[in-house]
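Quick note on labels: first sequence line is chain A, next is B, and so on, each numbered from 1. Predicted model only: the values in this text are computed from it and were never measured.
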Number of protein chains: 2
Amino acid sequence: MKSKATSFDIAHLAGVSQSTVSRALRNSPLVNPETRERIKAIAKELNYKVDKNASNLRSQQSHTIALLLFEDPTSDESQINPFFLSMLGSITRACGDNGYDLLVSFQRLEENWHAEYEDTHKADGIILLGYGDYNDYQEKLHQLEQNQTRYVLWGALQQDQPGISIACDNFTGGYEITRHLIAKGRTKIAFIGSASEGSPEFFDRYKGSCEAQTDANLAVRKSLQIDAITTEQSGYAAALQLLAKQQPFDAIVCASDLIAVGVIKALRDKQINVPKDVAVVGYDNIPLSEFTRPALTTVQQDTKLAGKILVETLIAHIHGKPVTSRSLPATLIVRESCGAIL
Amino acid sequence: MKSKATSFDIAHLAGVSQSTVSRALRNSPLVNPETRERIKAIAKELNYKVDKNASNLRSQQSHTIALLLFEDPTSDESQINPFFLSMLGSITRACGDNGYDLLVSFQRLEENWHAEYEDTHKADGIILLGYGDYNDYQEKLHQLEQNQTRYVLWGALQQDQPGISIACDNFTGGYEITRHLIAKGRTKIAFIGSASEGSPEFFDRYKGSCEAQTDANLAVRKSLQIDAITTEQSGYAAALQLLAKQQPFDAIVCASDLIAVGVIKALRDKQINVPKDVAVVGYDNIPLSEFTRPALTTVQQDTKLAGKILVETLIAHIHGKPVTSRSLPATLIVRESCGAIL
DNA sequence: CTGAAAGCGCTTACAG
DNA sequence: CTGAAAGCGCTTACAG
């Protein structure tokens with residue numbers, strides 16, 4: 001039991017060749033059923049496990065997917081956005097369900113992450129997940145493309161974007177939640193969250209929000225849009241900035257729940273009642289959105305489905321099947337912060 | 001650029017042997033600095049990356065750690081305990097900091113997870129993380145031990161336990177939070193969470209809680225202990241059970257925050273005011289504990305430190321250095337649910 | 001400091 | 001259905 005058993009040991013004990021052992025263990029139809037069972041029994045007894053390094057080296061695939069989580073370098077190191085954590089959970093499960101292993105890595109945008117995993121043969125493909133300035137990683141995406149790395153990106157569906165993307169329908173999400181606000185009588189709607197090409201997901205939510213206002217014959221107030229990255233602190237600071245403008249507003253659409261949490265704190269500190277004076281809504285439906293006071297009205301992204309689709313799309317891609325980008329539905333979750341229940 | 005470059009291609013271009021390339025790329029002192037730089041330049045230009053499967057196979061180590069997250073089979077599939085998610089984040093970071101990759105896998109207790117990863121040479125060692133019946137996985141721990149698998153377990157520090165464990169000081173955590181409750185005038189203290197050998201972490205918290213009561217000359221009310229696993233639903237059901245006993249109590253120590261969230265919901269549904277009528281405290285300090293109403297008084301486990309220690313201990317173990325089990329400090333976090341701020 | 005050679009443990013044509 | 005042999009791309013004694 002000192003050193004681990006190899007296929008040769010099994011072959012010896014079974015009185016067959018090593019090739020036959022290899023075949024039997026992979027359930028090849030080329031091997032006699034009886035022989036196969038005998039070999040399997042011996043393998044089990046010796047607690048034999050195929051050496052993945054050897055089989056991967058030989059077969060040139062790893063049955064492993066790498067998940068690269070990249071974060072905005074300006075955000076706090078210690079806390080990971082709960083939305084990503086939730087995605088991580090569902091991706092892990094989906095990998096397991098498909099017989100793939102998952103290699104997880106956090107990346108800073110400055111780092112040289114591109115291609116690392118697949119080039120290194122540690123993974124057959126990559127899932128990219130994260131916020132951050134889209135323009136910054138655009139170039140790296142092209143490098144992945146050039147190296148013929150198989151990858152799937154979570155985020156916005158963009159025109160002329162390289163590769164495959166899976167995204168929530170951010171435009172519709174932003175549209176629906178704003179329409180809901182308008183239906184509840186709000187007319188002066190602010191938006192907190194970066195609204196530019198650099199943050200395509202937030203930008204889509206913003207565009208959806210604007211369109212809902214236009215469709216309701218409300219004037220979009222561009223001056224009520226304040227940039228923020230997806231942290232509580234950033235949301236808090238942005239809300240203060242918004243307040244400092246001294247322009248009237250009765251609702252704030254936040255680009256994420258984390259931002260909304262910070263915004264609500266800032267409003268409370270300034271004695272502004274949510275939702276009475278100002279309605280606040282978020283995006284993501286992270287677990288704690290149910291527990292804020294007031295409980296957050298938000299847009300749910302189905303992380304379970306998203307993880308499944310990301311993994312299955314990537315695996316299909318790895319196997320050379322045709323795959324396309326896909327948009328996933330956004331679901332409005334009505335709670336208290338929008339003033340629905342007063 | 002079709003097929004990937006190998007060390008032979010580089011050797012050819014640099015006019016040296018493949019061995020020299022291998023040495024140069026690993027910064028061996030055995031190679032002439034000039035030669036090394038030349039080789040490195042070529043490697044970079046070709047976008048060459050060492051094939052990990054080949055190098056792992058040859059060197060018999062993978063520089064990869066496997067994280068096995070096992071969960072109570074009775075708990076809900078879709079939601080992962082946020083405490084574990086937080087640990088997952090810090091473990092991922094710690095692995096990155098130490099130059100290791102992290103393979104993540106969810107396991108059900110029934111599955112044959114033991115040994116899989118190391119035997120398979122996919123990982124150099126394993127971190128085990130999860131709740132579940134301790135007795136159930138005790139046997140598997142012994143199998144790991146027998147296979148000489150390097151692993152570190154997160155959980156309780158037990159007598160006669162095989163292997164290395166890293167744990168929060170659950171006894172002190174339970175003691176301190178109960179002492180705080182008593183200092184605030186509570187005398188009839190219930191406990192929700194399994195308190196038996198099968199759940200050593202919860203049991204330690206319970207024992208700490210009991211000792212605090214004894215030290216304060218309060219009688220421990222064993223009938224006020226109700227089993228629960230760490231989910232909101234289970235906490236909710238357990239609180240109802242407790243109420244049904246019709247015995248007076250003015251505080252509930254919950255074995256985890258998730259349980260406490262369910263307990264608070266149950267009490268509210270029964271028109272019982274928290275913390276006025278009954279104080280409720282949790283354990284873990286998960287992100288949402290700050291957002292419950294009332295905000296949860298709890299015990300923080302430093303997940304960042306825990307992840308770092310887990311990873312560093314495992315790596316030291318892998319390298320054959322002597323390692324020992326360790327207990328990490330528990331910190332009382334006072335918020336509203338204990339009645340501290342009335 | 002460098003090179004030729006062996007070998008890590010498999011999978012997979014190839015031949016029968 | 002089975003076996004002998006090559007080879008995946010490295011690392012590492014061994015010899016110089």
Side-chain angles (χ1 to χ4, degrees), chain A residues 2-40 42-43 46-64 101 116-124, chain B residues 2-40 42-43 46-64 101 116-124:
Chain A
K2 268 281 99 108
S3 62
K4 305 222 156 106
T6 71
S7 51
F8 281 95
D9 299 331
I10 309 216
H12 185 72
L13 288 168
V16 296
S17 74
Q18 181 267 342
S19 336
T20 301
V21 171
S22 175
R23 289 191 191 99
L25 262 19
R26 280 172 302 113
N27 294 315
S28 162
L30 289 176
V31 59
N32 183 305
E34 280 171 36
T35 317
R36 175 167 59 224
E37 292 319 311
R38 189 154 45 86
I39 290 170
K40 284 196 170 182
I42 294 170
L46 291 190
N47 202 6
Y48 168 80
K49 294 276 165 19
V50 171
D51 184 314
K52 284 295 172 189
N53 290 133
S55 63
N56 291 346
L57 173 59
R58 181 56 231 247
S59 62
Q60 298 292 58
Q61 51 173 290
S62 60
H63 276 285
T64 300
D101 283 314
E116 180 73 15
Y117 282 89
E118 206 203 348
D119 280 3
T120 243
H121 283 264
K122 282 193 286 200
D124 295 334
Chain B
K2 267 285 97 108
S3 61
K4 304 222 157 106
T6 71
S7 51
F8 281 95
D9 299 330
I10 307 213
H12 186 72
L13 288 168
V16 295
S17 74
Q18 181 266 342
S19 336
T20 302
V21 171
S22 174
R23 288 190 191 99
L25 263 17
R26 280 174 301 114
N27 294 314
S28 162
L30 288 176
V31 60
N32 183 306
E34 280 171 35
T35 316
R36 174 166 60 224
E37 291 319 312
R38 189 155 43 88
I39 290 170
K40 283 195 170 181
I42 294 170
L46 291 191
N47 201 6
Y48 169 79
K49 296 274 165 21
V50 171
D51 183 313
K52 285 295 172 189
N53 289 134
S55 64
N56 291 345
L57 173 59
R58 182 55 232 246
S59 61
Q60 299 291 59
Q61 53 173 289
S62 61
H63 275 284
T64 300
D101 284 315
E116 181 73 13
Y117 283 87
E118 208 204 346
D119 280 1
T120 244
H121 284 264
K122 283 193 286 200
D124 295 333

Rounded distance (Å) that lies between atom [atom2] of [N] and atom [atom1] of [X]:
X     : N      : atom1 : atom2 : answer
B:Q60 : D:dT11 : CD    : P     : 13 Å
B:I39 : D:dT11 : CD1   : P     : 13 Å
B:R38 : C:dT2  : CZ    : P     : 9 Å
B:L57 : D:dG9  : CG    : P     : 12 Å
B:N32 : C:dG3  : CG    : C1'   : 15 Å
A:K52 : C:dC8  : NZ    : P     : 20 Å
A:D51 : D:dG9  : CG    : P     : 17 Å

Among [options], which nucleotide sits nearest the side chain of [X]?
X     : options              : answer
B:V16 : D:dT2, C:dG9, C:dG3  : C:dG3
A:T20 : D:dG9, D:dG3, D:dT11 : D:dG3
A:A54 : C:dG9, D:dC1, C:dT2  : C:dG9

ask   = Can any side-chain N or O of B:R36 pair as donor or acceptor with the backbone N or O of B:S28 at less than 3.5 Å?
value = yes

Pairwise N/O distances under 3.5 Å, protein to nucleotides 12-16 of chain D:
from, atom 1, to, atom 2, distance (Å)
D:dT12, OP2, B:R26, NH1, 3.4
D:dT12, O4', B:R58, NH2, 3.3
D:dA13, N6, B:R23, NH2, 2.8

ask   = Any side-chain N or O of A:Q61 less than 4.0 Å from the OP1 or OP2 oxygen of C:dT11?
value = no

task = Tell me, please, which residues at least two apart from A:T35 pass side-chain contact (heavy atoms from CB on, under 4.5 Å).
result = A:V16, A:T20, A:V31, A:N32, A:R38, A:I39

task = With sequence neighbours left out, write down each residue that passes side-chain contact (heavy atoms from CB on, under 4.5 Å) with A:Q61, or none if nothing qualifies.
result = A:S59, A:H63, A:D124

ask   = Looking only at side chains, do A:S19 and A:R23 share a donor and an acceptor under 3.5 Å apart?
value = no

message = For DNA chain D, please output the secondary structure as dot-bracket, reading 5' to 3'. Pairs are Watson-Crick or G-U wobble, both atom distances under 3.5 Å; mark crossing pairs with [ ], other-strand partners with |, unpaired with a dot.
response = |||.||||||||.|||

request  = Would you please name every residue forming a side chain to side chain donor-acceptor pair (under 3.5 Å) with A:T64, sequence neighbours left out?
outcome  = none

Set of residues satisfying salt bridge (charged side-chain N to carboxylate O under 4.0 Å, His left out) with respect to B:D101, sequence neighbours excluded = A:K122

